Novice: 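I am attaching a structure below and will ask some questions about it afterwards.
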Amino acid sequence: MQRLLPAALALLLSACGGSGTTTTTAGPITTSTPIVTTPTTDPGEDCRRLAADAYEYLAAVVEELQGLTVEQLEDRAQWPEALVQFEAQGEELDRRAAEFDCDPGAIQQDVLVRASALPATGLGRLLLDLLLGRLG
């Protein structure tokens with residue numbers, strides 16, 4: 001996820017005319033969704049839960065993007081919290097995938113299959129189109 005989401009955001013910035021380069025000035029990372037790291041008796045369940053968490057995060061990012069203008073996207077100081085946490089969330093998802101020994105490709109595929117049904121407009125739609133390869 002860490003490689004997929006930041007790359008898509010860079011593509012989104014490029015598609016909107018932005019440079020794609022940003023600097024991080026965010027404070028401490030907070031999240032409203034608790035991160036569950038306790039293994040279950042079914043190792044596949046941990047990976048399925050991780051894929052569900054990754055999808056929920058992507059859905060939140062898409063929702064946040066729908067209300068943004070290109071100018072706001074280009075100015076990191078105007079980003080909503082979901083975008084500020086973008087990189088940290090990707091790193092956390094990757095850490096959990098490694099901890100649970102999940103296949104990153106399978107996780108990404110699961111997320112993209114779910115994301116293909118997300119309703120989106122504006123920049124949120126553009127991000128989904130980039131991730132799903134619908135732009136050509």
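Bear in mind the structure is a predicted one, so any value in this text is a computation, not a measurement. FYI, the numbering just counts along the sequence from 1. Hydrogens, waters and symmetry mates are skipped; everything else that's a heavy atom, side chains included, is used.
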Novice: Holding to side-chain hydrogen bond (donor to acceptor under 3.5 Å, both in side chains), I want the full list of residues that pass it with Q72, two or more places apart in sequence or in another chain.
Specialist: T69
Novice: My understanding is that only residues two or more places apart in sequence, or in another chain, count here; which of them pass salt bridge (charged side-chain N to carboxylate O under 4.0 Å, His left out) with D129?
Specialist: R125, R134
Novice: For the pair E99 and R96, find out whether any cationic side-chain nitrogen is under 4.0 Å from an anionic carboxylate oxygen.
Specialist: no
Novice: Would you mind writing out the side-chain donor-acceptor pairs for residues 111-122 within the sub-3.5 Å range, not counting sequence neighbours?
Specialist:
from: R114; atom 1: NE; to: D110; atom 2: OD1; distance (Å): 2.8
from: S116; atom 1: OG; to: V113; atom 2: O; distance (Å): 2.6

Novice: With sequence neighbours left out, what residues match D75 under side-chain contact (heavy atoms from CB on, under 4.5 Å)?
Specialist: A77, Q78
Novice: Nearest 0.5 Å, what's the CZ-CZ distance between R48 and F100?
Specialist: 12.5 Å
Novice: What I'd like to find out is whether the side chain of I107 reaches to under 4.5 Å of the side chain of C47, using heavy atoms alone.
Specialist: yes
Novice: If I take atom CG from residue L58 and atom CD from residue Q89, how far apart are they, to the nearest 0.5 angstrom?
Specialist: 11.5 Å
Novice: Among residues at least two apart in sequence or on other chains, which ones pass side-chain contact (heavy atoms from CB on, under 4.5 Å) with P80?
Specialist: E64, L68, L83
